[in-house]
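Only heavy atoms go into these numbers, but all of them, side chains included; no hydrogens, no water, no symmetry mates. Note that this is a predicted model, so its numbers are computed, not measured.
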Amino acid sequence: MSTFVLNKSQQGFTKCDDDFTRALAPAGSGKTATLLWKCLEDANASNRKNKYLIFTFTRVARDELRDRINSREEFKELRNITRIETLNQWGFNYIKGLKDGIQLKTSKLDNFFLINNSLRPLWEDKPILGKLSNLRYQYSELIQIFGELKTLGFRHDYDKQAFLNQFSLHLNWLESNNLLKYFIEKVYNPLADPELLDSGKNDLVGQLKPFLEFWKKATESLWKQSLITLDDQKYWALIKLNEQYSDGRVFPAPQRYQHIMVDEFQDINPLDLFLIKKLVELNKSKLTIVGDDDQAIFEWRASSPNFILHPERYFDGNFSTHILDINYRSPKNIVDYSQRLIKNNQRRVDKKVTPVLNSNAMVLPIAFKNHMESVQFVVELAKEFQEHNNSEKIAIISRKKGQLIPIQITLTSHDIEFYAKEDLNILLSHAFNDLKKHLEVIPEKNNRKSSDVIINDLLSFCNHVYRYPLKKAEYVSLKSFLQKRSPRTFQQGLDILFEYPYTIKGNHILNFHHTISKVVNSETVSAAIFNIGEEMAGLKKHFAKSDDDIFYKDPPFLYMVEYAEKYGNDFWGFIDHVENAIKKMTAYEENNDDIDLGIRSNVHLMTALRAKGKEFETVVILDVNDGIWPIKYAEDEYQLEQERRLFYVAMTRAKKSLIFLTLKEMLGRPMNVCPYLEEMGLSVSDF
């Protein structure tokens, strides 16, 4: 029998019988168990047999709740009356019951065929969208944009007269929830670059009109063909629910759930919001939302803190609020520091959190001269954990993925095993391999090689000078020109390239020659990486490409430049160390199950976004400097508050020790300490 005892705030939440309830659950407050206890309390207090539908944000959270119900005796009453799903899974099951032969398409190859085959009749003769036939990256990019429109809550199913007007009204709604910037970044900009907008129009909707009309037709066409993407699982569920119950009807009584609960409500996006609202309406159910406004860090996926801060704006009812105010995870001083930090945010509900633990953790800010000194400290600390702490775990937490690369290379060179999710291993990406191949050319640029090798290297460089690779006709023409001249060294090939008589991608060949020359004439490894990052647009941050190659989510040039300084002009020394790291990482992944690695490894590498929901004995936060925490791209108060929430999430993972590493300089430039330390009342000590 469980000895779990609810505290006063948890009891108030579990016993609340209001139609609309909000539980704000700060880090470490035991929300998962409390959510199930609320179901149990409600079931025991009810005179009728209630059924409960719980939505979780991830499959991991779903499985954890299911396991607790199935394995713990106190929750056995819930086993036959509680359904726990992600919204995606619920949506898929629903539409699968409406339409035979539904096919879920998720890969890059799937996207290629969806656009190039399934939807080709819709676009190949259109004046603007006909440009698709000349693009190389349009396939996955357009399907992603379709998904972003649905995630943001846009709908295609208005008649032609109302469609654009409704689109414009929803843009205003997004702006009121501070999501217009997301729309510009994820929808408008990716369409503007390949010129899929009507540039003759001045207004936003007018420019988008050709694409939006295509999206409307394409969405219907794919549904008729029983083809859906990830976002369609929720999107088509919502569309079909609206169609089927447009006359005000609700679900038949036997199918209804009397209580719907949503975990991690701070992470939902507009599509999630609208689907949840529709399900509450059709079930005539109560609604309980659980989450933490201070951990709303998913604005990058179109979530808005407004949804949990002001739920009454989006649902037809007033919410009673309960704050789970006891922290069971963190020592007293970490709770105190984190509360001092987060109180600087204005868009939040004020909370007074009390720790169960009266002991204090070791909280230590340390200043290092440069990034490499900091990396060496982390490596020594990781080595100690691997050798002496059999069960305790340490998390190395970064703001950006690129910060982890020097640590990954150095850890592998010291044979220290670590765990990082696959999509954090930028070293294993295709784009990183392209970058490495460019570096290999530099020390060999005057060495004699076969002309085929030289031409392939030159064309690879040319493909990365601009954002998109060469078009097929340009590629074939340039390759033929180079083959006729048969260069024997890369430098000779570069001289021949200068003589090419035609433009490429509308640009004079001089632009290509200048960019490639600047890179291959770099005198040091550090300078070469810097020049590649500055000059070669094809390896810069790119939304569309990032879905298939994590390198493009956050190109790691800044940290690689800093790390590479110690190699001077030893290009092969740098490349050998990188290849050794790649070899060992590949061996880890081939010889170990992802779950086993996560359980076995003492050392975990992750970004702050990935730290949410986890806990570790020791947490080390990297590069606690202004411009990184908060990120330099954060401009307005909304973005700055999101950055503070992200830092709050990172630091509240710690159970015993919390270490902040700051840098005095980076690339020779002085660095300022992160303002969050001062907000917490901490000062930096020299190590």
Side-chain angles (χ1 to χ4, degrees), residues 370-373 375-376 379 401-416 418 425-465 487-495 497 513 515-536 538-539 549 551 555-589 666-668:
N370 55 43
H371 193 254
M372 283 316 302
E373 285 187 6
V375 169
Q376 198 56 46
V379 170
K401 293 179 181 180
Q403 292 168 264
L404 298 174
I405 283 187
I407 293 173
Q408 290 175 324
I409 296 172
T410 311
L411 287 175
T412 51
S413 68
H414 286 77
D415 291 319
I416 299 172
F418 62 86
N425 285 336
I426 296 178
L427 293 176
L428 304 182
S429 73
H430 294 297
F432 187 89
N433 189 54
D434 290 338
L435 185 151
K436 183 170 68 69
K437 287 181 177 179
H438 292 336
L439 293 176
E440 291 172 355
V441 167
I442 298 173
E444 299 284 315
K445 64 179 181 287
N446 292 314
N447 293 347
R448 186 179 176 88
K449 292 185 176 181
S450 76
S451 61
D452 286 344
V453 170
I454 292 164
I455 290 170
N456 285 337
D457 287 340
L458 268 170
L459 291 171
S460 178
F461 267 100
C462 288
N463 272 335
H464 289 123
V465 170
R488 289 302 181 183
T489 68
F490 187 88
Q491 187 60 58
Q492 187 181 72
L494 200 53
D495 294 338
L497 179 70
H513 185 271
T515 296
I516 300 170
S517 295
K518 188 169 183 177
V519 171
V520 298
N521 289 319
S522 303
E523 294 184 358
T524 65
V525 182
S526 182
I529 295 172
F530 177 83
N531 287 331
I532 291 172
E534 288 290 305
E535 301 291 333
M536 304 193 76
L539 288 172
D549 195 321
F551 181 96
F557 293 110
L558 175 63
Y559 299 96
M560 286 180 60
V561 168
E562 181 85 6
Y563 173 75
E565 282 194 331
K566 69 177 183 177
Y567 291 91
N569 64 357
D570 185 7
F571 284 85
W572 287 117
F574 173 81
I575 291 166
D576 288 345
H577 281 157
V578 169
E579 288 184 340
N580 182 53
I582 292 172
K583 188 182 299 182
K584 289 183 178 180
M585 287 182 201
T586 304
Y588 288 161
E589 295 194 358
M666 181 173 284
L667 296 177

- Message: Within the structure provided, determine whether Leu497 and Cys462 are in side-chain contact (heavy-atom separation under 4.5 Å).
- Response: yes

- Taking every heavy atom of Tyr563 against every heavy atom of Pro406, the minimum-distance pair comes out as CD1-CB, 3.7 Å

- Message: Pair Lys518, Glu534 - check side chain to side chain contact (heavy atoms under 4.5 Å, CB included), show working.
- Response: CA-CA 10 Å; Lys518 188 169 183 177; Glu534 288 290 305; over 6 Å; no

- Item | Which atom of Asn580 lies closest to which atom of Ser413, heavy atoms considered | ND2-CA, 4.4 Å

- Item | Approximate separation, where rounding is to 0.5 Å, of Lys583 NZ and Thr412 OG1 | 11.5 Å

- Task: Tell me, with the steps shown, if Trp572 and Glu444 meet side chain to side chain contact (heavy atoms under 4.5 Å, CB included).
- Result: CA-CA 10 Å; Trp572 287 117; Glu444 299 284 315; 3.5 Å; yes

- Message: Quick check on Phe571: does its CZ atom have over 12 non-hydrogen neighbours (other residues, nucleotides or ligands) under 6.0 Å away?
- Response: yes

- At what distance, to the nearest 0.5 angstrom, does CD1 of Ile532 lie from CG of Leu439? 4.5 Å

- With the side chain counted from C-beta on, respond yes when His513 and Leu494 share a heavy-atom pair under 4.5 Å apart, and no when they do not. yes

- Gap between atom CG of Leu458 and atom CD of Gln492 - 0.5 Å precision: 10.5 Å

- Between atom CE of Met536 and atom CG of Asn463, what is the distance when rounded to the nearest 0.5 Å? 9.0 Å

- Task: For Ser526 and Val561, indicate whether the former's side chain and the latter's backbone hold a donor-acceptor pair under 3.5 Å.
- Result: yes

- Query: Do you know the tightest heavy-atom contact between Ile454 and Pro487?
  - Reply: CD1-O, 3.5 Å

- Task: Taking the six-membered ring for Trp and the single ring otherwise, decide whether the centroids of His438 and Phe461 are under 6.0 Å apart.
- Result: yes

- Item | Nearest heavy-atom neighbours spanning Glu562 and Met372 | O-CG, 4.2 Å

- Query: Just by modelled atom types, is the Ile407 backbone N or O under 3.5 Å from a matching donor or acceptor in the Thr410 side chain?
  - Reply: no

- Derivation and outcome, side chain to side chain contact (heavy atoms under 4.5 Å, CB included), residues Glu565 and Asn370: CA-CA 11 Å; Glu565 282 194 331; Asn370 55 43; over 6 Å; no

- Are more than 12 heavy atoms from other residues, nucleotides or ligands located less than 6.0 Å from atom NZ of Lys437? no

- So CD1 of Ile529 and CD1 of Ile442: to nearest 0.5 Å the spacing works out to 8.5 Å

- Shortest non-hydrogen contact from Met560 toward Ile405: CG-CG2, 4.2 Å

- Item | Spacing of CD belonging to Glu440 relative to CD belonging to Glu579, to within rounding of 0.5 Å | 5.5 Å

- Does some side-chain heavy atom of Leu435 sit less than 4.5 Å from a side-chain heavy atom of His464? no

- Stepwise side chain to side chain contact (heavy atoms under 4.5 Å, CB included) check, His577 with Phe574: CA-CA 5 Å; His577 281 157; Phe574 173 81; over 6 Å; no

- Should Phe432 and Ser429 count as side-chain neighbours, where that means a heavy-atom distance under 4.5 Å? yes

- Message: Donor-acceptor pair, distance only, cut-off 3.5 Å: does the side chain of Asn456 make one with the backbone of Asp452?
- Response: yes

- Item | Nearest atoms (heavy-atom pairs only) where Gly402 meets Pro556 | CA-CB, 3.5 Å

